[in-house]
Asker: 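Shown below is the structure under consideration.
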Amino acid sequence: MTDSAPRTTDTHCPYCAMQCGMTLIEDDGRWTVTARDFPTNRGGLCRKGWSAAELLHAPDRLQTPLMRDRKDTPLRPVSWQTALDRIAARFKAIASESGPNAVAVFGGGGLTNETAYLLGKFARVALGTANIDYNGRFCMASAAAAGLRAFGVDRGMPFPMQDIAQTDAVLLIGGNPAETMPPIMQYFDAQRSRGGQMIVADPRRTATAKLATLHLPLSPGTDAALANGLLHIAIKDGLIDRDFIGARTTGFDRVQRIVATYWPDRVERITGVPAALLEKAAHILGEAPTAMLMTGRGPEQQSQGVNNVLAFINLMLALGKAGKPLCGYACMTGQGNGQGGREHGQKADQLPGYRKIDNPKHREEIAAVWGIAAAELPQPGLSAWEMLTTLGAAGGIRCLLVMASNIAVCAPEATQLIERLKSLDLLIVSDIFLSETAALADVVLPITQWAEDEGTMTNLEGRVLWRRRAKAPPDGVWTDAQILKALADRLGRGRFFSADLEETSSEFRRATAGGAADYAGVTTARIAAEGGVFWPCPAPEHPGTPRMFLDRFGTEDGRARFHPTEYRSTAELPDENYPYVLTTGRSLLQYQSGTQTHRVAELNDAEPEPFVEIHPETARTLRIAAGDTVVLTTRRGRAVMKARLSRDIRFDTLFAPFHWGGAGSANALTNGALDPISRMPEFKVCAVKIEKTTASAQPKPAPAAAANFH
Ligand code: SF4
């Protein structure tokens, strides 16, 4: 190769949990992406992936630490030494005045496994705080908690995505992969081409729902009623597998008693899904020789999220369609390392390897790896939203370190949260751009982005991948590990940390050994040779575990657990002041808070501004036309968006993507009501009012009880 020959690096996409394989090409200083034939995406990329290299050319990349001297002065460039010295001095002062828990850490589901591990260790060993959590609480936490309860282990997808193509029936609830992760659709397409059936339950007739055999247009927040109704029909019509229930599960009797009252006409009244469709769906699932059920964020991001997912798991267990080839429940994890990020210690209740921080044995195991006494480890701290609601409050958190998360946009009740962030003694944000959260910070630290650092990521299947470094970072930019090591040094705990990836990787694998998410046998050499390695993989000679639960579930007795799941309504229901249901989600061309995708011209030009989808009949009653500027108001805030008319949404429901902050922030509207188990806020359902900006009159409700589409 000559100096001028293009340079290629095989790596993975910077965005979602598909973690599609791609090749980065550098030719005369210009970076481009080409797809590669990785076992998951098999050459497919979505437009976000194809355009990802533009991030490497972004002109507004942060390249020096920024600091403000006082709250009322602007951010100004400073040296790393100045920034780190100030952070460490404030950490020490606040901890000494208010105790270590007054300093908190907020991580992200996009961090590599090694960084997530290091961040959890930094919080416990360098800061001594119990308060570390991450934005995965806002994504997959309900599915993770439900999977753990039912199966004893949470691995979002317990089978390779290729198996989707081979199963006979799929029920997909509240997920829209045709827009959020298009390359996975090749497996759903293949499944249907083989004669398989796909059912989609979603309040919107999404791009995915349009491909389905059957669309169940449920009212947002009625998922548990839908699941119980399907199970009721399955029992009534003899579709359940009593041999499987007897041999491999416990707890069915109580569930059977509960679902006895979920008659189809009652479930139709709750969900808005016609009874005939419920019957059809139950029979498709029950009669298919093999079937899978997958949830997206729809049923999960609710104050009953765990209950909802458990209700769907009950259905699959009763049908005998879990723990068998081509069968099972799966969570369609969203964030790039949403799976690995929830396994290795950046959660308030967790230690690496999916260990529990309140389990004495687990504490001993991790303390031994870290070279500290188990008694030094803090106990469980506050979950993400609980942490964010105590910011700046008397006796609450005074200092927050945010690593790779744009909470001012992606957390609920954003207007109030922004005020709380401003009230902190010290807000430190590390990011690649000046995000909405970074703009509020007292200190901003410029960090490497995906192609400038390396580490392992775990995709939505539990396949551990290796994201390679393709280029050196710009001058002035540090890795997360360098920052944590430098801070640990200043806190007098540097001997426990290394900025060297090899050392951290090796320690990380040792720390996972013996845990549920065991990565001890996963090496970069194996990942490269095998196209990723599925955990658990406890030893170098272990083949990894593409398919889980085939012989036994992960519980102590090996049996899956049924859980009684009554339908309970969401925290907020429409009323005369807020007559519609708002549901939020992602769109095709943006990703999460938009920190990256807003800077990619191709994506931003095509999807430049916040919008709300509304049914044309609903819009007509409110005198709203396509393209009008509208104001959405909830009990928590308001947001200004452009109206998009769509016959693919229920009359009573509005849909707004959450990719923007500022005046168009969908999360200024959402509700922080928490699931009692997963501590997941209720992003997916709240009561909302919509008005044309020029209208003075209150809007009238849409046609009552109209649930279907025209
Ligand atoms: Fe990237 Fe996800 Fe698109 Fe694949 S599906 S190219 S991982 S954004």
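Here, residue 1 is the first one in the sequence, and each next residue gets the next number. Indexing begins at 1, ligand by ligand and atom by atom, following the structure's order.
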Asker: Pull out every atom of ligand 1 sitting under 4.0 Å from any heavy atom of Gln19, numbered as shown with elements.
Answerer: 7 (S)
Asker: Would you say Cys13 reaches atom 3 (Fe) of ligand 1 with an N/O/S atom under 2.8 Å?
Answerer: no
Asker: Relative to the ring of His12, is the ring of Phe38 parallel (under 30°), tilted (30 to 60°) or perpendicular (over 60°)?
Answerer: perpendicular
Asker: Give a yes or no on whether a salt bridge exists between Arg205 and Asp202, defined as a side-chain N under 4.0 angstrom from a carboxylate O.
Answerer: no
Asker: Between Asp27 and Thr32, do the side chains contain a donor N or O and an acceptor N or O under 3.5 Å apart?
Answerer: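 On atom types as modelled, these side chains do not qualify, holding no pair under 3.5 Å.
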Asker: I need the Arg61 CZ to Asp431 CG distance, nearest 0.5 Å.
Answerer: 9.5 Å
Asker: Considering Gly49, Cys46, Ser51 one by one, which has a heavy atom nearer to atom 3 (Fe) of ligand 1 than any of the others?
Answerer: Cys46
Asker: I need the nearest protein heavy-atom contact for atom 2 (Fe) of ligand 1: residue, atom name and distance, please.
Answerer: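 Checked against all protein heavy atoms, atom 2 (Fe) of ligand 1 sits closest to Cys16 SG, 2.3 Å.
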Asker: Who's the nearest protein heavy-atom neighbour of atom 4 (Fe) of ligand 1, and how far?
Answerer: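 Answer, as residue, atom name and distance: Cys20 SG, 2.3 Å.
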Asker: Atoms of ligand 1 less than 4.0 Å from Met181 heavy atoms?
Answerer: 5 (S)
Asker: Could you see which bit of His12 sits under 4.0 Å from ligand 1, with heavy atoms only: side chain, backbone, both or neither?
Answerer: neither
Asker: With a 4.0 Å cut-off on N to O distance, would you call Arg204 and Glu613 a salt bridge?
Answerer: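 Yes, charged N to carboxylate O under 4.0 Å.
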Asker: Atom CG of Leu501 and atom CD of Gln482: how far apart are they, to the nearest 0.5 Å?
Answerer: 11.0 Å
Asker: Quick one: nearest non-hydrogen protein atom to atom 5 (S) of ligand 1, plus distance?
Answerer: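 Residue, atom and distance for the closest contact: Pro183 CD, 3.4 Å.
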